[in-house]
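Let me begin by presenting the structure, written as structure tokens, before commenting on it.
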Amino acid sequence: MPRFDHQAAEARWQAIWAERQCFVARDDSPKPKSYVLEMFPYPSGRVHMGHVRNYTMGDVVARTRRAQGFEVLHPMGWDAFGMPAENAAIEKGVHPGAWTRANIAAMRAQLQRIGFAFDWSRELATCEPDYYGQEQALFLDLLAAGLVYRKDAAVNWDPVDMTVLANEQVIDGRGWRSGALVERRKLSQWFLKITDFADDLVEGLAGLHEWPEKVRLMQENWIGRSTGLRFTFQITDGGSFDVFTTRPDTLFGASFAAIAADHPIAARCAENNAALAAFIEECRTGGTAAAEIETQEKRGFDTGLSVVHPLDPALLLPVFVANFVLMDYGTGALFGCPAHDQRDLDFARRYQLPVPRVVAPAGDEQAAIGTEAYTGSGLMVNSRWLDGMSAADARAAVIARAEAEGWGEAVTQYRLRDWGVSRQRYWGTPIPIVHCDNCGAVPVPRAELPVILPEDVTLDLPGNPLDRHPTWKHVPCPSCGKPARRETDTLDTFTNSSWYFIRFASAPADRPFDPAVAAAWLPVDQYIGGVEHAILHLLYARFWTRALQRIGHLDVAEPFAGLFTQGMVTHETYSRAQGEGAAPLWFAPEDIDRTADGATLKADGGAVDVGRVIKMSKSKKNVVDPDHILGRYGADAVRWFMLSDSPPERDLAWSESGIDGAWRFIQRVWRLAEEQVAATDGADDAKVDRAVHRTIAAMTTDIDRLQFNKAVARLYELVAALERAPSGPSRRAGVVTLLQLVAPMAPHLAEEAWALLGHDGLVCDAAWPQADPALLVDDEVTIAVQVNGKLKGNFTAAKGSDTAALEGMALALANVQRSLDGAAPRKIIVVPDRLVNIVA
RNA sequence: GUGGGCGUGGCGGAACCGGUAGACGCAGCGGACUUAAAAUCCGCUUUCCCAUGGAAGUGCGGGUUCGAGUCCCGCCGCCCGCACCA
């Protein structure tokens with residue numbers, strides 16, 4: 001029996017789709033628009049299974065919506081700036097640009113081979129001047145609008161490589177490449193005012209109904225909005241400092257004040273106090289790793305200062321420098337209320353400070369605080385004029401008093417910090433600024449954009465290649481004309497991905513985008529990508545879009561109306577222990593023979609250990625390369641498997657038997673089509689019609705909800721039904737419908753079979769089948785019969801049979817009679833068309 | 001610690017709004033075709049029992065209900081995020 005020849009079919013249909021520009025999105029189309037987007041890849045060099053899964057899901061949505069009559073924008077591009085290119089340059093001696101562009105070419109070919117319905121005419125790469133030049137223009141617009149500023153900030157500095165390191169490049173306090181102890185250096189850097197949008201970004205989440213709840217919560221927590229009171233402590237011998245609290249109600253419970261080790265007052269006190277200086281130094285070297293914080297004791301050092309309690313000048317509180325106070329949250333200082341805050345309590349017990357209770361549950365006013373702080377609600381006690389109020393009322397009362405008396409005010413505090421975008425790196429968007437000794441930081445004039453990244457650089461020396469380039473940075477000041485220097489920092493790569501979806505929608509040569517065209521496509525209707533971008537990328541893109549809206553560039557508030565985060569592709573691991581203390585030796589799947597109860601190494605036939613199913617990673621060698629698989633099984637089988645079995649938000653375990661099963665399905669559909677060509681005529685078959693239309697209805701819903709695994713199961717059922725169906729018009733119509741339903745998932749097979757059945761046009765151009773409501777209802781239903789809730793049998797009845805008839809039929813069942821054993825039923829519950837439950 | 005998610009056969013997973021638990025796939029077992037194999041097709045496949053029938057069963061213990069995988073309370077376990085956030 002001839003098999004479906006995937007290689008010939010893939011080449012044929014991919015060429016036809018390209019030639020007829022099937023997937024080119026038209027801005028001026030009269031159809032309703034739909035924007036389907038997958039997170040664009042970093043061009044690492046190879047497409048991996050995670051990409052294939054991600055883009056297959058997007059492709060199914062895009063192809064389905066297109067068949068449903070939408071003008072679909074489904075673009076693809078390259079997030080092409082970033083450190084791996086620089087690392088490759090150093091390791092392999094190639095230029096980052098050459099390496100990146102070669103990778104893009106290779107990966108584009110791989111993606112095209114899988115038959116994704118991308119509009120390649122809109123392809124972009126962020127490392128090309130036509131993209132990053134427009135990004136520079138947007139940066140200057142934000143600067144002009146006051147949303148960009150410059151300030152000193154600490155970076156990780158590698159003194160050997162003379163470079164700034166990202167946090168992930170610092171391992172145990174040392175540079176990952178040089179091994180040198182990393183220093184904290186203050187550099188003047190550019191910041192984007194994302195905190196200006198903190199409220200908008202929190203409140204906007206409420207409208208994102210088609211986002212996972214989890215991602216919205218993560219963003220909300222990341223922004224970390226809290227409301228409370230900021231007030232000033234007067235120091236008894238002069239000076240003052242501010243503290244922030246969310247619990248102003250507990251102010252009478254204060255027994256100390258604490259400031260961060262980096263607080264300016266701590267530094268001043270340490271000037272003539274060597275012991276304090278030593279303590280501050282100790283705090284700084286303390287680890288911030290989770291495990292350390294967990295076990296680290298609350299420690300402090302008494303500065304000798306005392307501050308006046310704002311509600312009673314007679315009360316004085318000691319001031320400590322404490323290791324648990326963070327300089328970069330709130331004001332870097334707090335008041336300690338041990339009875340109602342666990343950290344404060346731990347601290348107070350260690351330094352024998354008083355622990356006055358000020359909030360108590362009713363009837364429990366005198367209960368002493370032990371080792372656990374009371375953080376629940378209750379009524380105020382030991383708090384003078386607040387006594388008897390609820391804690392919530394007391395909160396408002398204290399704030400009102402502070403504001404009336406002028407020593408404090410209600411404030412909203414955020415965990416979110418402004419976004420530092422300066423990177424002391426070569427392979428990124430040059431920041432379009434010139435530094436002049438006379439004029440300061442001067443924007444590059446628009447006419448001189450783009451500021452092009454020089455290609456003639458060397459990366460094999462320590463330091464920033466832009467900084468040591470012989471000519472690049474030396475330019476006249478745009479303002480006064482005197483010799484000046486270009487900014488040699490580049491923008492964080494997250495800026496590249498913060499607006500690429502806008503550039504896909506509209507990419508004029510002379511400006512970043514056309515507002516009307518972009519707004520017609522945006523927001524993205526369905527965005528699909530990994531959950532690892534739940535916070536940073538998605539938050540930055542939301543911020544960037546709102547910032548563009550504020551400065552009048554684009555009338556869109558939220559860039560992504562629908563978000564879906566897909567699971568990873570995983571695989572078993574194969575290893576052999578290498579003896580005591582040694583790391584195990586890992587083996588790649590292609591070197592393994594897998595049987596039902598174990599695995600052996602092909603090379604020597606010996607057994608290997610089958611380990612956990614985990615994310616594909618080079619270090620564990622459990623990686624399956626799409627290229628080999630595509631060659632062997634074909635794009636459609638791979639796509640089919642990517643959608644099968646696991647729900648898309650969960651991990652998908654790659655397995656040989658799984659892809660075998662997908663391949664079998666492709667062949668089954670092909671055979672069905674071939675048999676149909678030769679089929680003789682027959683009669684209509686209502687059962688077949690019903691099965692087909694039920695599948696249309698169910699599968700359309702499944703795809704709409706991105707439940708691809710369920711859609712796959714329905715198609716298996718339909719194929720099985722059609723294989724059993726007698727030949728005739730019903731079967732023929734069913735096979736045709738099947739091809740349309742299968743087309744978004746296995747498009748090459750569908751086109752090939754569509755043509756085989758004599759269609760002139762393309763299946764991808766055919767309108768999505770509509771379910772006939774009349775065929776969705778059965779005229780007979782199966783009624784389940786229970787006695788006391790236990791299933792005893794069932795019978796078929798006409799749909800819509802009345803209650804009395806159903807009761808009678810249920811009672812007539814032999815099993816029911818036996819269960820009742822002659823007793824009369826006490827009660828009978830009938831659920832029409834579903835079941836009868838007899839209560840005995 | 002804290003926020004969230006999840007727990008269903010040998011495995012991945014279905015089960016609308018509380019109404020026949022285990023769809024569909026994988027693996028396995030049996031059979032057909034074949035000289036044989038591959039491919040394909042058909043059947044079986046939650047567990048247990050005194051087996052033409054019956055009982056139990058969705059992490060554990062309670063509860064609500066005629067009826068609970070689904071709702072409520074209390075546990076246990078796993079996964080993910082954040083983490084000294086005042």
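Note that the structure is a prediction, hence the values are computed from the model and not measured. In what follows, chains carry the letters A, B, and so on, assigned in the order in which the sequence lines appear, proteins first and then strands, with residues in each chain numbered from 1.
- The same atom, C1', is picked in B/rG3 and in B/rC11; the two are 32 Å apart, to the nearest Å.
- In terms of position on RNA chain B, the residue among A/Val839 and A/Arg650 whose nearest nucleotide sits closer to the 5' end is A/Arg650.
- At a threshold of 4.0 angstrom between heavy atoms, the contacts of A/Gln786 include nucleobase atoms, whether or not backbone atoms are also involved.
- Using a 4.0 Å heavy-atom criterion, one finds that A/Asn837 contacts the bases of the nucleic acid, with or without backbone contacts as well.
- Within the 4.0 angstrom heavy-atom criterion, no nucleotide atom of any strand lies near A/Ser655.
- A/Asn815 comes within contact range of the sugar-phosphate backbone alone, with a heavy-atom separation under 4.0 Å but no base atom that close.
- Using atom C1' as the reference point in both B/rU47 and B/rA37, the two lie 37 Å apart (nearest Å).
- Residue A/Val712 is out of contact with every strand shown, counting any heavy-atom pair closer than 4.0 Å.
- For A/Lys710 against B/rC24, a side-chain-to-base donor-acceptor contact under 3.5 Å is absent.
- When the nucleotides B/rU20, B/rA23, B/rG12 are ranked by their closest atom to the side chain of A/Ser646, B/rG12 comes out on top.
- Separating the CG atom in A/Leu251 from the OG1 atom in A/Thr245 is a distance of 7.5 Å, to the nearest 0.5 Å.
- Look at A/Lys799 and A/Asp778 and you find no salt bridge, because none of the NZ, NE, NH1 or NH2 atoms lies under 4.0 Å from a carboxylate O.
- Within 4.0 Å (heavy atoms only), A/Gly658 reaches no atom of the nucleic acid at all.
- With sequence neighbours excluded, no residue forms a side-chain hydrogen bond (donor to acceptor under 3.5 Å, both in side chains) with A/Tyr540.
- If you check every strand for non-hydrogen atoms under 4.0 Å, A/Ser644 touches nothing.
- Within 4.0 Å of A/Asn709, counting heavy atoms only, lie sugar-phosphate atoms of the nucleic acid but no base atom.
- Ranking B/rC41, B/rG25, B/rA14 by closeness to the A/Asp645 side chain, first place goes to B/rG25.
- Contact annotation for A/Phe244: base contact, defined as any heavy-atom pair under 4.0 Å involving a base atom.
- Residue A/Arg664 is classed as a sugar-phosphate contact, given heavy-atom separations below 4.0 Å to backbone atoms only.
- Using a 4.0 Å cut-off between a side-chain N of Lys or Arg and a carboxylate O of Asp or Glu, A/Glu372 and A/Arg349 do not qualify as a salt bridge.
- Checking A/Arg350, A/Gln342, A/Arg343 one by one against A/Asp346, the side chain to side chain donor-acceptor pair (under 3.5 Å) holds for a single residue, A/Gln342.
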